[in-house]
2 protein chains.
Amino acid sequence: MATEILELPHPARSDLRLTDVLFALSDPERLAIVRQLAGGPLEMAQCHLSDPSIPKSTKSHLMKVLREAGIIRNEPFGRGRRLSLRQHDLDARFPGLIDSVLSACDGDAAKGASRAGSPAGKP
Amino acid sequence: MATEILELPHPARSDLRLTDVLFALSDPERLAIVRQLAGGPLEMAQCHLSDPSIPKSTKSHLMKVLREAGIIRNEPFGRGRRLSLRQHDLDARFPGLIDSVLSACDGDAAKGASRAGSPAGKP
DNA sequence: AGATTGGTTCGAAATTATTCGAACCATCAG
DNA sequence: CTGATGGTTCGAATAATTTCGAACCAATCT
């Protein structure tokens, strides 16, 4: 048994590329994932997409792009996987970038502002 | 005569979308343009691409993507055009974002820090 | 006017990204 | 072991971007 190859490849901090990071963040769905992860690690199953009917292969691909850009970490966790933001690596490599992205209000302000969870932002 | 419509459309500050901005910045060539413009407005002819043999239609298209994302302004100037970074608009809409992108050192940082040490990956 | 310089726009071709089903693998519950 | 749950990977279809030449336009010479 010992088929322990379940760890997927993650770029080293020094290999992170600004353009790849920006590209990965430039998709609304991926950005939404990153926002969820900003609150702390999450099991993949608890990380929801905007449209719940999106197939898991697509979800997996979104995570792959984020992982390969070095934005998130994806590690085995029990029966599933745990996702986490690579905040520390990103901050070290691109200071202030993630913070500014996370604190930026998104484009479509056309929805009800029923959001209350502002993390350490400004009042 | 009187065809003075040479002004191209620019999105209003309030229409800027984070994902579009990130996308526009996610291309190395476009990012290099933005870096040049960070030093102040430039005439298009003085704004050089990494490869000087790139045709002008391509250059124009790169500028279009940046302009439509709201990152640069492109206005008639004498016989040519003047490009400028929309710093103020970007700062107002996405505080800190442009600064962090501009101050981030770019891609292949694989040099310099000679310590071939362990990648930031997880043990 | 005509020629020159500087730039946009329009297609079309090539490249790259996204989407999704099917097949596959690992872990946990019975 | 069997089945169920959770996720990755592969391949093919689709969609979006990029690239470039050609046509076109505006302003500046001579």
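The sequence lines fix the lettering, A, B, ..., with proteins before strands; numbering per chain opens at 1.
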field: Comparing B:P9 and A:S53 on DNA chain C - which has the more 5′ nearest nucleotide
entry: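 Going by which nucleotide is closer to the 5' end, it is B:P9.
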message: Quick check on DNA chain C: between A:H61 and B:K59, whose nearest nucleotide comes earlier from the 5' end?
response: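 This one resolves to B:K59.
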query: With a 4.0 Å cut-off on heavy atoms, is B:R30 in touch with a base, just the backbone sugar-phosphate, or nothing at all?
result: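 If one applies the 4.0 Å heavy-atom cut-off, B:R30 turns out to touch the sugar-phosphate alone, with no base involved.
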task: Using a heavy-atom cut-off of under 4.0 Å over every strand shown, decide if A:N74 touches base, sugar-phosphate, or nothing.
output: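 Sugar-phosphate: the residue A:N74, judged by heavy atoms under 4.0 Å, touches backbone atoms but no base.
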query: Does B:R82 pair with B:E43 as a salt bridge, N-O distance under 4.0 Å?
result: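 No.
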Picking from [options], which would you name as closest to the side chain of [X]?
X: A:R79; options: C:dT8, D:dT18, C:dT27; result: C:dT27
X: A:A45; options: D:dC20, D:dT9, D:dG7; result: D:dG7
X: A:L62; options: D:dG7, C:dT19, C:dG6; result: C:dT19

task: Answer yes or no: side-chain N or O of A:S57 and base N or O of C:dG21 forming a donor-acceptor pair under 3.5 Å.
output: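 A donor-acceptor contact between them is present.
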task: With DNA chain D as reference, determine whether B:K56 or B:V65 sits nearer its 5' end, using the nearest nucleotide of each.
output: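 Upstream on the strand: B:V65.
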Write down the distance between [atom1] ([X]) and [atom2] ([N]), rounded to a whole number of angstrom.
X: A:F23; N: C:dA17; atom1: CZ; atom2: C1'; value: 6 Å
X: A:R81; N: D:dT8; atom1: CZ; atom2: C1'; value: 8 Å
X: A:M63; N: D:dG6; atom1: CE; atom2: C1'; value: 12 Å
X: B:E75; N: C:dT8; atom1: CD; atom2: C1'; value: 16 Å
X: A:D27; N: D:dA15; atom1: CG; atom2: C1'; value: 13 Å

Heavy-atom side-chain proximity of A:L66 to A:L83 below 4.5 angstrom: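 Of all side-chain heavy-atom pairs linking A:L83 with A:L66, none is under 4.5 Å.
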message: It should be established whether A:S60 places a side-chain nitrogen or oxygen under 4.0 Å from OP1 or OP2 of nucleotide D:dG7.
response: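 No, because none of the side-chain N or O atoms of A:S60 sits under 4.0 Å from OP1 or OP2 of D:dG7.
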field: Partner of A:D89 by side-chain hydrogen bond (donor to acceptor under 3.5 Å, both in side chains), out of A:R86, A:Q87, A:R93
entry: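 Going through the options one by one, the only one that passes is A:R86.
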Distance, nearest 0.5 Å, that separates CD1 of A:I72 from CD1 of A:I33: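 That separation rounds to 7.0 Å.
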